[in-house]
Amino acid sequence: MSSRTCRKGHGRVHLTWVDERCVPAGSEDSNRGAFLRLGLPPPGAALPLWADDDADPARAVERFEREFMRTFAGALDVALLGLGEDGHVASLFPGHPALQAAGAAVFVADSPKPPARRMSLTLPVLRKTPLAVMMAAGAGKRAALRRVTRREAGLPTTALAYLVIATDIDSEGESDE
Ligand SMILES: O=C1O[C@H](COP(=O)(O)O)[C@@H](O)[C@H](O)[C@H]1O
């Protein structure tokens with residue numbers, strides 16, 4: 001999830017998602033659904049990357065980009081990211097062509113991690129976000145975190161301007177090779 005404080009909006013904070021799976025919000029695979037089931041954010045308070053009435057991915061990209069430009073002026077102040085075990089953030093997977101996408105949003109038809117059909121903010125949007133905070137929780141993320149901190153070429157995080165890492169992973173058991 002990500003946010004933008006609207007300069008014209010008297011301090012209102014605008015929220016959206018960094019990525020979404022192309023499933024209804026009622027699905028347990030829906031990122032938006034997971035928030036809604038927690039009562040966060042209130043319905044309608046955040047711009048969905050994939051809404052329940054989106055059917056065509058190309059149109060969903062257009063709709064999102066139009067709204068993102070109107071409400072967020074095409075940029076974020078802060079991005080909150082999760083780290084995948086393969087080094088992905090949002091739905092930007094290392095080596096995947098979606099990493100090259102321009103514009104604000106990209107449809108991913110063949111995500112290596114299910115479900116296959118996803119929407120993601122693009123690397124250009126994340127790159128120009130002044131602050132990205134990435135959560136890496138659980139020992140399963142240790143190897144990926146190591147790759148992130150080494151700023152491995154080809155990882156989406158390596159392209160980010162400023163990355164704060166929140167993690168419960170200690171360095172125990174790591175080798176320094
Ligand atoms: O598929 C996804 O994976 C990443 C990492 O998720 P996690 O549950 O392993 O922390 C997540 O950040 C992304 O939003 C999600 O769609």
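Just so you know, ligand 1 is whichever comes first in the structure, and atom 1 is the first atom listed for that ligand.
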**Salt-bridge criterion met for Arg117 and Asp29 (N-O under 4.0 Å)** = no

**Asked** Given side chains that start at C-beta, do those of Leu99 and Pro156 come closer than 4.5 Å, heavy atoms only?
**Response** yes

**Request:** Verify, without hydrogens or angle tests, whether Glu152 (side chain) and Thr158 (backbone) share a donor-acceptor contact under 3.5 angstrom.
**Result:** no

**Item:** Within 6.0 Å of CZ in Arg127, more than 12 heavy atoms from elsewhere
**Value:** no

**Message:** Side-chain heavy atoms under 4.5 Å apart, restricted to Ile/Leu/Val/Met/Phe/Trp/Tyr: what other residues fall into the cluster of Val133, or is it alone?
**Reply:** Val78, Leu80, Leu131, Tyr162, Val164

**Request:** Identify, chain by chain and in numerical order, each protein residue with a heavy atom under 4.0 Å from an atom of ligand 1.
**Result:** Asp19, Arg21, Asn31, Gly82, Leu83, Gly84, His88, Ala90, Lys113, Arg118, Lys141

**Item:** Glu62 with Arg59: basic N within carboxylate O range, under 4.0 Å
**Value:** no

